[in-house]
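In this text, all values refer to a predicted model and were calculated from it rather than measured experimentally. Note on naming: letters A, B, ... go to the chains in the order of the sequence lines (proteins, then strands), and numbering restarts at 1 for each one.
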Number of protein chains: 2
Amino acid sequence: MKIDMPQSKNKAVKEAKPLSRIQEANRKAILDAAVDVFAVSGFRGATIDEIASRAGMSKPNLLYYFKSKQQIYQQVLEQTLEDWLAPFAAIDPEGDPIEELRRYITAKLEMSAKRPEASKLFANEIIHGAPVIGTFLQTTLKDLVDEKTKVIRHWVGQGKLAPIDPYHLIFLIWATTQHYADFDVQIRAVAGTQAGRPGFAEQAAQAVLSIILNGIRPR
Amino acid sequence: MKIDMPQSKNKAVKEAKPLSRIQEANRKAILDAAVDVFAVSGFRGATIDEIASRAGMSKPNLLYYFKSKQQIYQQVLEQTLEDWLAPFAAIDPEGDPIEELRRYITAKLEMSAKRPEASKLFANEIIHGAPVIGTFLQTTLKDLVDEKTKVIRHWVGQGKLAPIDPYHLIFLIWATTQHYADFDVQIRAVAGTQAGRPGFAEQAAQAVLSIILNGIRPR
DNA sequence: CAATTGCTTGACCGTTTGGTCAAAATGAAC
DNA sequence: GTTCATTTTGACCAAACGGTCAAGCAATTG
């Protein structure tokens, strides 16, 4: 599975597209179904038939809207990437470090709880070598991370955070927050009844925030 | 540590097992190849042909040693599980909490660096709903985790650790350490040249240990 | 050496699956 | 209601893949 990243951000280019009511509805139904199917089965494991069936249409009909399985996959990935990164981009260099990071971690934990499929979708893609979003990671994401590492380094320089490597702090936050989505099966298996009880997500947030924030507080 | 897999049938029943020199070599070659292939392609994406080819033999020959793709998969999973959990099981209730956890985290980070495929194998299995090791998670692993949560709770009670929920501490450690293996592509893409330099793993270990250990030190 | 057993593989089969196509059904426009 | 474009699908194809089988090859044994 070798794919090059098309990065179809060409909204302006293909503006000669009316996109009828029925088209819009069907595309949405397909993409919604696709997130779930790709998340649980991976790219290879997912079948067009299942996506079509979940979207309430026949396979050829689905292929009428997206000309290949890959195209659906890329579209779904692109669509979710933006939401996923938004809270990270929103980290404010002028804000209080601890508060900014608390807000970011909380937002990511909420996303993991609310849309675990999106997280699993990424996890799958990256574990398999990021064949589709590889160049995105090396360009857009790297730039964004570089920007934020500067911010964190600045905070450290000001003595507002303990001296830690910004990259690894970011990785630790990503790892921890996404873990609750990607490994939910393991968490439920291990935590047993506790994981099902309401308030579990809040308890998780409290624990994660406590450890990380105390871990980076200036000493 | 004894780990019995749900699917692993007759180990004791099939007592007479000669296991010739050539058999042993071939089985090992197959399993070694299988770890890599399953790790990068997932169960569904992996093909018997590729495993066989990497192991240097024909597909029918591979099927002579393992009668199905699933059997290889289960075997590989079982084989790696023990190593993977050993350092966790080795956490000593009598030892110093901070030192015990430092040892555990360091061991897991080293495993992630040395054998990332093993970690990816698990990640894949769990993200896809743990179809094979599901019951293992609910039984053996849960018991082990319950045991260790008691230890951590005891430490907290003695005032040797800050008051944190043991489950979430364990999840945080798992998440962080495995992240370096499972998401290595993303880490390399984002950290750029830095990630390639020697000493990067040590730098990661230092940062992770610093944040986590300071995060749980009694205050 | 002969013979029994263990090891290896080319050829093959049935199924799944991504994708095509022509034709039918539906809707929009007049 | 007629016409034209859009939407939908049953039937089909080719490739990939898991798994089988019979026959060939190597090794061990007596």
At under 4.0 Å between heavy atoms, what does [X] touch on the DNA or RNA strands: base, sugar-phosphate, or nothing?
| X | answer |
| --- | --- |
| Ser58(B) | base |
| Arg21(B) | nothing |
| Tyr65(A) | sugar-phosphate |
| Ala25(B) | nothing |
| Ala52(A) | nothing |

Atom pair distance, as rounded to whole Å: [atom1] in [X] and [atom2] in [N]:
| X | N | atom1 | atom2 | value |
| --- | --- | --- | --- | --- |
| Asn26(A) | dT7(D) | CG | C1' | 9 Å |
| Ile48(A) | dT9(D) | CD1 | P | 15 Å |
| Asn61(B) | dA26(D) | CG | P | 13 Å |
| Tyr64(B) | dA23(D) | OH | P | 18 Å |
| Glu24(A) | dT6(D) | CD | P | 17 Å |
| Lys59(A) | dC13(D) | NZ | P | 14 Å |
| Leu63(A) | dC12(D) | CG | P | 18 Å |
| Lys69(B) | dC17(D) | NZ | P | 9 Å |

- Contact span of DNA chain C against chain A, any nucleotide atom under 4.0 Å from a heavy atom, 5' to 3', runs dT17(C) to dC21(C)
- Gln79(B) and Gln75(B): side chain donor to acceptor below 3.5 Å: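 Absent: no donor and acceptor within the cut-off.
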- Message: Heavy atoms from C-beta onward define the side chain here; which of dT9(D), dG19(D), dT8(D) lies closest to that of Met57(A)?
- Response: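 Selected nucleotide: dT9(D).
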- Query: Do NZ/NE/NH1/NH2 and the carboxylate oxygens of Asp146(A) and Lys150(A) come within less than 4.0 Å?
  - Reply: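 Answer for the salt bridge query: no.
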- Item | Basic-acidic side-chain contact under 4.0 Å: Asp32(A), Arg54(A) |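 No.
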- Is there side-chain contact between Leu144(B) and Thr140(B), with at least one heavy-atom pair below 4.5 Å? no
- Task: Indicate yes or no: at least one non-hydrogen side-chain atom of Phe122(B) is less than 4.5 angstrom from one of Leu81(B).
- Result: yes
Determine all donor-acceptor pairs shorter than 3.5 Å in which one atom belongs to a side chain in residues 177-196 of chain A; sequence neighbours excluded.
unit_1	atom_1	unit_2	atom_2	d
Thr177(A)	OG1	Ile173(A)	O	2.8
Thr177(A)	OG1	Trp174(A)	O	3.2
Gln178(A)	OE1	Trp84(A)	NE1	3.3
Gln178(A)	OE1	Lys108(A)	NZ	2.9
Tyr180(A)	OH	His168(B)	ND1	2.6
Asp182(A)	OD1	Ser119(A)	OG	2.7
Asp182(A)	OD1	Lys120(A)	N	3.4
Asp184(A)	OD1	Lys120(A)	NZ	3.3
Asp184(A)	OD2	Arg188(A)	NH2	3.4

- Message: For residues 50-77 of chain B, which residue pairs pass the ring-ring contact (aromatic ring centres under 6.0 Å, His included) check, not counting sequence neighbours?
- Response: Phe38(B)-Tyr73(B), Phe43(B)-Tyr73(B)
